[in-house]
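Here is the structure we will look at, set down as structure tokens.
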Amino acid sequence: MLQTEFRNAMAQLGSAVSVITTDGPAGKYGFTASAVCSVTDQPPTLLVCMNRNSFANLHFKQNGRLCVNVLSSNHRDLSGIFANASLRSEQRFRHDSWQVLATGAPVLDSAAANFDCEINDCHEVGSHTVFYCQVKAVRISECPRGLVYFNRRYYDLAEE
């Protein structure tokens with residue numbers, strides 16, 4: 001009962017939608033996430049949560065790097081592609097345009113913002129891995145429209 005109530009209450013906590021990517025000796029992988037937040041700006045550090053049962057979990061740990069690609073309102077389809085467990089990794093990266101910054105993790109060219117990070121630490125908490133990621137490079141676009149996930153639906157954010 002509490003688990004269901006918790007999930008329903010968490011659905012009321014709107015959050016940005018991101019595609020989290022990695023590349024390195026363990027290969028190129030990515031997934032869609034809304035569990036990303038700032039930890040500190042000295043040094044710039046983010047927290048990223050990922051299900052421990054995810055096919056990509058071990059690959060992120062082995063690569064030791066990731067990029068948080070913050071999606072804009074025109075990325076709803078891309079969010080679904082990276083959330084689709086039936087797609088192989090190489091199929092996901094065929095969509096949109098990608099490059100690299102400091103760490104070598106894939107950076108989405110059209111993202112609202114990119115946080116290119118090294119994974120400094122991780123903890124296993126219940127069903128998830130919590131990654132603590134030190135930001136090595138940031139890129140911000142001129143995108144005026146954001147994408148948030150609230151009450152199990154996508155919403156566009158626009159400048160007023």
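The first residue of the sequence shown is numbered 1, and numbering continues consecutively from there. Since the model is a prediction, treat every value here as computed from it, not as a measurement.
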Could you state whether Phe82 and Val70 fall into the same hydrophobic cluster, counting links through intermediate Ile, Leu, Val, Met, Phe, Trp or Tyr residues with side-chain heavy atoms under 4.5 angstrom apart?
-> no
With sequence neighbours left out, the residues meeting side-chain contact (heavy atoms from CB on, under 4.5 Å) with Lys28 are Asp23, Phe93, Pro106
Kindly indicate, with the supporting measurements, whether the criterion side chain to side chain contact (heavy atoms under 4.5 Å, CB included) is fulfilled by Asn51 and Asn57.
-> CA-CA 7 Å; Asn51 193 302; Asn57 189 287; over 6 Å; no
Going by distance alone, is a donor N or O of one side chain under 3.5 Å from an acceptor N or O of the other, for Thr22 and His59?
-> no
The single option from Leu66, Leu47, Ile20 that satisfies side-chain contact (heavy atoms from CB on, under 4.5 Å) with Cys133 is Leu66
Using the rule that two of Ile, Leu, Val, Met, Phe, Trp, Tyr join whenever any of their side-chain heavy atoms come within less than 4.5 Å, decide whether Ile81 and Phe55 are in one cluster.
-> no
The side chain to side chain donor-acceptor pair (under 3.5 Å) partner of Gln134 among Thr103, Thr45, Asn120, Asp121 is Asn120
Counting only heavy atoms not in Arg153, do more than 12 sit closer than 6.0 Å to its CZ atom?
-> no
Those residues at least two apart in sequence (or on a different chain) that pass side-chain contact (heavy atoms from CB on, under 4.5 Å) with Asn151 are Ala11, Gln12
Hydrophobic cluster membership, Leu108 vs Val135, 4.5 Å side-chain cutoff | no
Quick one: are Gln62 and Pro25 in side-chain contact, heavy atoms under 4.5 Å?
-> no
Not counting sequence neighbours, list each pair that qualifies as a salt bridge (Lys or Arg N to Asp or Glu O under 4.0 Å) and has a residue in residues 95-104.
-> none
Ring pair (Phe, Tyr, Trp, His ring centres under 6.0 Å) contacts touching residues 114-137 (sequence neighbours left out) = His123-Tyr132
Residues two or more places apart in sequence or in another chain: which of them pass ring pair (Phe, Tyr, Trp, His ring centres under 6.0 Å) with Tyr154?
-> Tyr149
Cut-off 3.5 Å, no hydrogens considered: what does the side-chain donor-acceptor table look like for residues 32-42, sequence neighbours left out?
| residue | atom | partner | partner atom | Å |
| --- | --- | --- | --- | --- |
| Thr32 | OG1 | Ser79 | O | 2.6 |
| Thr32 | OG1 | Ala83 | N | 3.3 |
| Thr40 | OG1 | Gln42 | N | 3.2 |

Members sharing Phe6's hydrophobic cluster (side chains within less than 4.5 Å) = Met10, Leu13
Donor-acceptor pair, Asn63 side chain versus Ala26 backbone, under 3.5 Å?
-> yes
What is the distance from atom OG of Ser73 to atom OH of Tyr155, rounded to the nearest 0.5 Å?
-> 15.0 Å
What residue pairs, at least two apart or across chains, pass salt bridge (Lys or Arg N to Asp or Glu O under 4.0 Å) with a residue in residues 59-74?
-> Lys61-Glu124
Residues at least two apart in sequence or cross-chain that pass salt bridge (charged side-chain N to carboxylate O under 4.0 Å, His left out) with Arg139, listed by chain then number, are Asp109
For Leu58, does the CG atom sit with more than 12 other heavy atoms under 6.0 Å from it, leaving out its own atoms?
-> yes
Which residue pairs satisfy the salt bridge (Lys or Arg N to Asp or Glu O under 4.0 Å) criterion with at least one member in residues 79-95, sequence neighbours excluded?
-> Arg88-Glu90
Gap separating the CG atom of Leu2 from the CZ atom of Arg7, nearest 0.5 angstrom = 11.5 Å
According to a 4.5 Å side-chain heavy-atom criterion applied to Ile, Leu, Val, Met, Phe, Trp and Tyr, with indirect links allowed, do Met50 and Val17 form part of one hydrophobic cluster?
-> no
Closest approach of Ala102 to Asp116 (non-hydrogen atoms, all atoms of both residues) = N-OD2, 2.7 Å
Qualifying residue, where the test is side-chain contact (heavy atoms from CB on, under 4.5 Å) with Leu147 and the options are Asp156, Asn74, Leu78 = Asp156
What heavy-atom pair brings Ala56 and Tyr29 nearest, and what distance separates the two atoms?
-> CB-CB, 3.9 Å
In terms of heavy-atom contacts, Cys67 and Asn114 come closest through SG-CB, 4.0 Å
Can you get from Ile119 to Val138 by hopping between Ile, Leu, Val, Met, Phe, Trp and Tyr side chains that sit under 4.5 Å apart?
-> yes
Who pairs with Asn84 by side-chain contact (heavy atoms from CB on, under 4.5 Å), at least two apart in sequence or on another chain?
-> Ser86, Leu87
Excluding sequence neighbours, so at least two apart, what forms side chain to side chain donor-acceptor pair (under 3.5 Å) with Thr21?
-> Asn69
